[in-house]
Amino acid sequence: MKKVFEKLRENSIFISNDKFTILLFFIIIINFLPIGITNAFTKQTPAESSTIIEIGCLLLEYLCLFIFFLVHYKEIKLDKRKVISLIIVTVVLFLAQINNYIQGFFKYKDILNIGIFFVNVFFYYIIIYDYKIKEKNVLKFYKCIILFALIAILWNIVMFWKEIIAEIGFIDPYFDYSNINNIKGFFGNRAGLSFLILLAIIANRIIREYYPSKIKDYLFNILFFFGIWSTHSKTTYLLMILLFLVFIIIDNKKWKKLIPLTITLLISTVGFVNVLGYFPKTIEKEIIKINESRYEENDDHYDNNKTIGDNVNDNKKEENNFDKQESDEKLSELVVSKNRIYNLSGRVAIWKSTLEFLKKNPLNIIIGVGKFSANRLLTVNGKQYQHFHNLLLELVMTGGLIELLYVMILYISVVRRVIKSGLSKKIKIIYFSSFIVYFINSMMETYGKFSIGYHDALCLIFFIAMPLLHANSLKD
């Protein structure tokens, strides 16, 4: 058996210890495939991927990790306290499902999700907590993330170039702009694209600390800025500005002189958010104005050609006016409006509905109802939603305060590990800033909940596995 393991180490591309971070990136791609295949060639949103395919990708992910850690079992150090605490939390979550069954919230998929939670914590946190690899291999992963984001930006340009140029005033009156508010590349929605680019900004800054190249750094940041700007994702844009401010400060010892620049950037950010509310309305008015001129031309054509079929022409004219009104109303609903900024694109209603449910069912604040049962219960104004758009609320709904506190403890321990490591001060600041950005983003999205799917895999690897591996890394 030992000889078999040795041959696997020597001959396998992914099983070698030096290729571990490439394996982690490969796992991200595996989980991305259901989203990418479903959304790459369509502008419609969201195109939901199949749960069966997601489970298949998950099994492949676990198989890869199991084989890797089986081969490298001698290098793994398990903390018994962490293992025992994970087992206790998992057992409590299982027992909580008995209460959910009595209340009528039980779904068999929730049992599966608890198992997934256990395996994800075990693989991406407990095993990796003391696992060591070379520092250069950590950087390979971040290079892959940058490449992935650049491909996503280019694909976005290819798929949505007309919507993008419309944002700066170049409008084609014969083009359907129904997707102008969801420029998403090959993701299911714009949030997925903008979040990947945000992670690429962090990865690029870490790489720059080891391989300084101002030209490449500026070029990449311009592309990343353009990519996030084109999506009109307000939260991600603000977080991007926050990251850039932190990077400017840590790159300049006399950072106090940068206070005027900081104020200018903050003011411009506030201005940009306001523009998000009004600029698309200008696009809307421009398109409606062009449509009106087209409909007037058609009306004149009908009026000048009245014959025996006058009634038919009048009917066509009425139908034409009705289509115009319907088109204008549809466009008004799709563009970003000031109201969507105030109600956070419908998130406020979702949060109120969730809090009302928890208020009526106080026991579920402690034990939750399970991931899939929570999704089934999430209904606002008769419409079913799949995401709570707030990680804290989703964790409470899934596993109650038990799961929320446990997950928060895991993230805090990762931050402490990085801070106490031998990494340079700048790298520590970059990681700490990235955790703050991730936490703020988690107030608007539900990534990183130790469950199934691409976004969870991406966040578990980027914000738990990689910081731990970097903190434990061996200098070349």
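Bear in mind the structure is a predicted one, so any value in this text is a computation, not a measurement.
If you look at Phe187 and Phe195, their ring centroids are not closer than 6.0 Å. The aromatic ring centres of Tyr438 and Tyr411 sit less than 6.0 Å apart. Within the 6.0 Å centre-distance limit, the rings of Tyr129 and Tyr125 are counted as a close aromatic pair. Centroid-to-centroid, the aromatic rings of Phe20 and Tyr131 come within less than 6.0 Å.
At a threshold of 4.0 Å, the pair Lys425-Glu209 does not count as salt-bridged, since none of the basic side-chain nitrogens sits closer than that to a carboxylate oxygen.
Few gaps surround CG on Leu59; more than 12 heavy atoms of other groups in view lie less than 6.0 Å from it. Enclosure of atom OH in Tyr210 by more than 12 non-hydrogen atoms of other residues, nucleotides or ligands within 6.0 angstrom is indicated. Counting non-hydrogen atoms of other residues, nucleotides and ligands closer than 6.0 Å to CZ of Phe432 gives a total of 12 or fewer. Within a 6.0 Å sphere centred on NZ of Lys109, other residues, nucleotides and ligands contribute 12 heavy atoms or fewer.
To the nearest 0.5 Å, the span separating CG on Leu196 from CD1 on Ile145 amounts to 6.5 Å. The distance from the CD1 atom of Ile197 to the CG atom of Asn156 is 7.0 Å, given to the nearest 0.5 Å. Atom CG of Leu24 is separated from atom SG of Cys64 by 10.5 Å, given to the nearest 0.5 angstrom.
Geometric assessment of Lys184 against the ring of Phe160 yields a negative cation-pi assignment under the 6.0 Å and 45° thresholds. Relative to the six-membered ring of Phe372, Lys107 misses at least one condition, a distance below 6.0 Å or an angle of at most 45° to the axis. Cation-pi geometry between Lys371 and Phe117 is not met: the NZ or CZ atom fails to fall both under 6.0 Å from the ring centre and inside 45° of the normal.
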Show the numbers, then the answer: is there a side-chain contact (heavy atoms from CB on, under 4.5 Å) between Thr398 and Phe450?
CA-CA 11 Å; Thr398 302; Phe450 291 84; over 6 Å; no
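Classification of the Phe463-Phe435 ring pair by plane angle, with boundaries at 30° and 60°, yields tilted.
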